[in-house]
Number of protein chains: 2
Amino acid sequence: MGMLYTGNNPQVMPYRDEHLAMDFTQQAVVLDSERVILTRKEYDLLALMVQHAGEIIPREALLMQVWGYSPEIRTRTLDVHVRRLRKKLGGYADQYIETIFGVGYRFQPFHAPRFFQHIAAKPLMAMGA
Amino acid sequence: MGMLYTGNNPQVMPYRDEHLAMDFTQQAVVLDSERVILTRKEYDLLALMVQHAGEIIPREALLMQVWGYSPEIRTRTLDVHVRRLRKKLGGYADQYIETIFGVGYRFQPFHAPRFFQHIAAKPLMAMGA
DNA sequence: GCCCCTTTTTACAAAGTTTTTACAAGTTAA
DNA sequence: TTAACTTGTAAAAACTTTGTAAAAAGGGGC
């Protein structure tokens, strides 16, 4: 009986809130009961943020994790991808994907309280160049 | 980690939906009550996909399983076979055989919902990288 | 050998994805 | 307020993957 080893598949619990659901084994994203088609990079980016929901993820961390870029690399591709992700998340986009100015981005579950809107967010890492 | 059970399983349940039926013991494919004549490779390819209906099967897995090719081999024969399969599946082809860009292909049963099914029993492959 | 059928390769075309570019808009601090 | 810097955005360019037609290659039977 043949078995085909097809790679690692980290067991991550699916995400679900009032509007958005994400299944990491099927690579499926559903928004208000409709499938959202994401490209690979869009998916990787969203997956990383959702798996760290509520946490601020610095640009460098996103560029490192999703693109394999080291901090010296100057690129706008992260911004462009965030923009396209937000577009595909429709009207809830800005609620889901927060911009933390000077730092990075944060995914927030739909009803997450936003008491202390990143007041404490002083740059943890240098951004430039 | 994901495993696909792909080997010479002598007891595979026949597949049937509104338009397509497939009998793996007879190696017979019927589309809207008409027999579809497939070549060996076409049959092997379709059988593998149908037996994993709803799952994304990476190109490398298809090339490994149907052709015995290792991932380094560069060939377009998979694409050509998919094309001929789709041709023989007529108008339903694109509904049955989805292209997952950058990854592989997926057979979907005719009325498959385009979002979540929790097929927790069937391990899948991570799409990343 | 030839014939017939299947499979693979070749060579582009078409489609899809990602990155860059260029500038607008927003933010922060002096 | 201005200057310096960061993020948003649209569009183009660069790049990658898939689709397709046609030719070439392979294989079995006669």
Side-chain angles (χ1 to χ4, degrees), chain A residues 27 29 36-46 48-49 56-89 93-106 117-129, chain B residues 27 36-46 48-49 56-89 93-94 96-106 127-129:
Chain A
Q27 287 229 164
V29 176
V36 180
I37 304 297
L38 300 180
T39 68
R40 174 137 29 144
K41 280 280 193 290
E42 287 164 2
Y43 173 85
D44 289 349
L45 179 59
L46 182 60
L48 181 57
M49 290 196 293
I56 296 172
I57 310 184
R59 293 178 70 90
E60 300 84 56
L62 294 167
L63 284 168
M64 179 63 206
Q65 295 285 318
V66 177
W67 280 267
Y69 287 175
S70 54
E72 306 89 59
I73 295 177
R74 192 185 60 77
T75 179
R76 315 285 289 100
T77 196
L78 170 57
D79 308 79
V80 174
H81 276 84
V82 166
R83 187 187 160 261
R84 286 200 284 245
L85 252 185
R86 282 175 166 157
K87 210 167 204 171
K88 291 188 179 179
L89 291 181
D94 290 338
Q95 227 173 132
Y96 279 125
I97 301 179
E98 276 181 63
T99 300
I100 313 299
F101 192 92
V103 185
Y105 294 94
R106 170 166 58 184
Q117 271 306 48
H118 68 74
I119 302 166
K122 285 286 163 206
L124 304 167
M125 311 181 179
M127 290 282 317
Chain B
Q27 307 205 345
V36 180
I37 304 298
L38 299 180
T39 68
R40 168 118 319 269
K41 280 282 193 289
E42 286 164 3
Y43 173 84
D44 289 349
L45 180 58
L46 182 61
L48 180 57
M49 289 197 292
I56 296 170
I57 310 184
R59 294 179 70 90
E60 302 86 60
L62 294 166
L63 284 168
M64 178 63 205
Q65 200 56 27
V66 177
W67 281 267
Y69 287 175
S70 55
E72 306 90 60
I73 295 177
R74 192 185 61 79
T75 178
R76 315 285 290 103
T77 196
L78 170 58
D79 307 78
V80 174
H81 276 83
V82 166
R83 185 184 162 264
R84 287 200 284 247
L85 251 185
R86 281 175 167 157
K87 212 166 204 171
K88 292 188 179 179
L89 290 181
D94 290 338
Y96 279 125
I97 302 179
E98 273 181 67
T99 301
I100 311 298
F101 194 94
V103 185
Y105 294 93
R106 169 166 56 185
M127 181 164 112

Integer-rounded Å distance: [N] [atom2] and [X] [atom1]:
{"X": "A/Arg59", "N": "D/dC5", "atom1": "CZ", "atom2": "P", "result": "15 Å"}
{"X": "B/Leu78", "N": "D/dT17", "atom1": "CG", "atom2": "C1'", "result": "12 Å"}
{"X": "A/Asp79", "N": "C/dC23", "atom1": "CG", "atom2": "P", "result": "18 Å"}
{"X": "B/Leu85", "N": "D/dG19", "atom1": "CG", "atom2": "P", "result": "12 Å"}
{"X": "A/Asp44", "N": "C/dT19", "atom1": "CG", "atom2": "P", "result": "11 Å"}
{"X": "A/Arg76", "N": "C/dG26", "atom1": "CZ", "atom2": "P", "result": "15 Å"}
{"X": "B/Ile56", "N": "D/dT18", "atom1": "CD1", "atom2": "P", "result": "12 Å"}
{"X": "A/Tyr105", "N": "D/dG8", "atom1": "OH", "atom2": "C1'", "result": "8 Å"}

When you compare the side chain of A/Glu60 with that of A/Tyr69, does any pair of heavy atoms fall below 4.5 Å?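 No, every pair of side-chain atoms sits at 4.5 Å or beyond.
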
Do A/Val82 and A/Ile97 come close enough that some side-chain heavy atom pair is under 4.5 Å?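 Yes - at least one pair of side-chain heavy atoms lies under 4.5 Å apart.
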
Output yes when at least one side-chain N/O atom of A/Thr99 is less than 4.0 Å from OP1 or OP2 of D/dT6, else no.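 No, because none of the side-chain N or O atoms of A/Thr99 sits under 4.0 Å from OP1 or OP2 of D/dT6.
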
Which protein N or O atoms sit under 3.5 Å from an N or O of nucleotides 16-18 of chain C?
{"from": "C/dT18", "atom 1": "OP1", "to": "A/Lys41", "atom 2": "N", "distance (Å)": "3.1"}
{"from": "C/dT18", "atom 1": "OP2", "to": "A/Thr39", "atom 2": "OG1", "distance (Å)": "2.4"}

Check step by step if side chain to side chain contact (heavy atoms under 4.5 Å, CB included) holds for A/His81 and A/Leu85. CA-CA 6 Å; A/His81 276 84; A/Leu85 252 185; over 6 Å; no

Show your reasoning for whether side-chain hydrogen bond (donor to acceptor under 3.5 Å, both in side chains) applies to A/Gln27 and A/Arg40. CA-CA 9 Å; A/Gln27 287 229 164; A/Arg40 174 137 29 144; over 6 Å; no

How would you label the contact of B/Val82 with the nucleic acid (heavy atoms, under 4.0 Å): base, sugar-phosphate, or nothing?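 Nothing, no nucleic acid heavy atom in range.
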
Look at B/Asp79 together with B/Arg76 and state whether they make a salt bridge at an N to O cut-off of under 4.0 Å.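 Answer for the salt bridge query: yes.
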
Using distance alone, with no hydrogens and no angle criterion, decide if B/Thr99 and B/Arg86 have a side-chain donor and acceptor under 3.5 Å apart.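 Yes.
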
